[in-house]
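These notes are about the structure you will find just below.
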Amino acid sequence: MHMPVTVRFAPSPTGRMHIGSARTALYNYLLAKRVGGRFILRIEDTDQKRFSPEAEAEIIEGLRWLGLDWDEGPDIGGPHAPYRQTEAREIYREHAQRLIEKDHAYPCFCTAERLARMREEHRARKEQPLYDGLCRRLDPAEAAQRIAAGERHVIRFKTPNEGTTTVTDMLRGEISVENKTLDDFILVKSDGLALYHLAAMVDDRRMAVSHVIRGSEWLSTLPLHALVVRAFGWREPAWCHLSLFLKPSGKGKMSKRDATQAMTEGHSIFIRDLKEMGYIPEGILNWIALMGASFDEAQDVFTLEEMIQRFDLGHLNPSPAAINFEKADHFNGTHIRRLSTDDLAARLAPVFAKAGYAPDGAKLRQVAAAVQVRIVTLDEAVDMGGFFFRENVAPDPKDLPGKGLTPAQSADALRAAREILAAKPAFDPTASEEELRALAEKLGYKPGVLFGIMRSAITGQTVSPPLFTSMEIIGRETILARMGAAEAVLRKM
RNA sequence: GCCCCCGUUGUCUAGCGGCCUAGGACGUGGCCCUCUCAAGGCCAAAACACGAGUUCGAACCUCGUCGGGGGCACCA
């Protein structure tokens with residue numbers, strides 16, 4: 001008998017969408033697709049203080065760009081609305097009330113000041129900073145009276161004082177903690193809004209979530225969450241805590257400063273940045289999927305579809321993984337090479353446009369084919385092939401003379417080459433290659449030397465796609481003009 | 001300080017008691033190809049944290065040590 005699988009990606013809109021959350025979303029998505037289950041997007045915005053209005057948009061934009069489509073969510077609705085926790089306040093309140101009635105929770109009137117003082121004392125005595133249970137011992141009648149009088153209060157969970165709580169994590173097996181080390185954590189804040197510990201559990205229940213796949217920063221609160229679920233008498237979801245992403249050095253998780261540092265080195269952990277840097281979804285997906293998991297013993301390049309076919313929770317790795325930006329480049333380049341020419345051209349169009357060029361269709365296709373194996377990110381196509389779309393090139397004069405040749409010798413060679421090309425009634429550079437090689441031999445130069453001069457003259461670069469391919473894209477008149485111009489420069493040197 | 005988790009080359013990983021003289025990938029070095037740059041092909045260096053135990057046999061099981069990480073909020 002199979003329970004229907006439902007998973008959810010539940011980010012909080014407090015910051016930018018980064019590769020860590022993208023990977024969590026990906027694994028959730030993969031499991032859902034693998035078994036034909038549902039994938040829900042839920043926004044956990046109970047933290048009003050840290051709420052950022054742009055964050056939700058960036059999350060949605062990031063997921064869409066990556067192609068991780070959801071079946072239910074705040075933007076598209078679904079049978080379990082609301083999908084934003086601030087829109088479900090009453091639901092959480094009712095549930096908190098039920099917990100109080102079942103003697104699993106209690107109102108607490110302690111002030112923030114008292115709590116802070118208490119914590120300080122605990123730390124001073126090197127004890128665990130747990131709530132001391134003052135209000136837990138309050139007479140319920142008195143508590144009810146104070147609430148009726150409008151006194152500010154929070155609702156705390158009544159954690160068992162004795163025994164141990166054991167929870168099963170799919171990747172780690174059983175995890176046990178002694179209940180006396182667990183805090184009477186707050187379920188509902190004094191402003192009436194639930195905290196994650198309550199809201200997420202209630203929502204997972206409401207939405208019939210079968211597998212909770214989330215970051216392992218939640219591992220330490222897992223027993224608490226299991227206790228809440230059990231207090232309600234609900235069936236527990238399968239818990240699966242993903243490994244953490246560590247900074248490239250492997251020492252600690254990425255901090256804000258590390259993220260900034262990465263930017264100065266030309267990297268980023270943020271999805272939107274990666275997109276703007278010219279990474280493609282296929283590359284990013286492949287990259288993050290393999291940090292903390294393996295999909296196949298003998299293969300490591302996968303499309304989303306292939307990942308779905310091979311996804312297996314059992315192949316997730318519980319140990320933390322250091323981020324490796326070189327691999328992002330590797331996977332991105334690999335996936336760019338796998339694109340069809342038309343597809344690459346379509347993706348390159350906005351990149352060239354952004355750089356100020358007006359790429360037309362047919363030529364863009366040719367350029368795409370020419371740069372395809374030479375670029376790691378889409379943006380690199382501009383450096384490698386921008387000259388295809390420029391009216392004029394301005395080669396650095398010092399790059400013009402052939403290796404080991406004087407400017408005069410180079411000018412002569414260039415003129416001779418130009419004459420060969422100009423003499424052809426039908427312009428076909430590739431067909432002229434043999435003749436040009438013969439020319440080089442006649443002059444006593446290596447072909448590469450002659451081609452080097454031509455490359456500088458025609459492309460304005462010392463590095464470019466293959467000369468003859470490039471010439472075909474550029475066209476006769478432009479080539480002859482550029483060669484002539486370069487010769488003139490050489491004559492004056 | 002307390003609680004929890006993790007530990008195979010520099011990095012991501014395969015390995016689930018004999019298939020391991022530990023496999024793949026990134027990166028690194030070399031060679032080949034070559035008009036530049038790439039891509040591609042071939043080769044190389046590089047790891048089971050340590051110590052006990054269990055067993056005929058341990059990277060795989062157990063315990064300890066050490067190392068790393070996460071959490072300890074009216075944040076998520």
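Each chain gets a letter, A, B and so on, in the order the sequences are listed, and its residues count up from 1.
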(message) Looking at A:Ser220 and B:rC3, is any side-chain donor or acceptor paired with a base atom of the opposite kind under 3.5 Å?
(response) no

(message) Could you check whether the side chain of A:Arg374 and the base of B:rC37 have a donor-acceptor pair of N or O atoms closer than 3.5 Å, going by distance alone?
(response) yes

(request) For B:rG18 and B:rA59, measure between their C1' atoms and round to the nearest Å. (result) 13 Å

(message) Taking the P atom in each of B:rG53 and B:rA58, what is the distance between them to the nearest angstrom?
(response) 12 Å

(message) Has A:Thr24 got a side-chain atom pairing as donor or acceptor with A:Arg214's backbone, closer than 3.5 angstrom?
(response) no

(request) Could you tell me if the ring centre of A:Tyr83 sits under 6.0 Å from that of A:Trp70? (result) no

(request) Give me the one residue out of A:Thr334, A:Leu290, A:Asp296 that meets side-chain contact (heavy atoms from CB on, under 4.5 Å) with A:Val301. (result) A:Thr334

To the nearest Å, give me how far apart [atom1] ([X]) and [atom2] ([N]) are.
X	N	atom1	atom2	value
A:Arg214	B:rA76	CZ	P	13 Å
A:Asn286	B:rC26	CG	C1'	12 Å
A:Asp329	B:rG27	CG	P	9 Å

Touch check for [X], heavy atoms < 4.0 angstrom, all strands: base, sugar-phosphate only, or nothing?
X	answer
A:Asp296	nothing
A:Ser294	sugar-phosphate
A:Ser176	sugar-phosphate

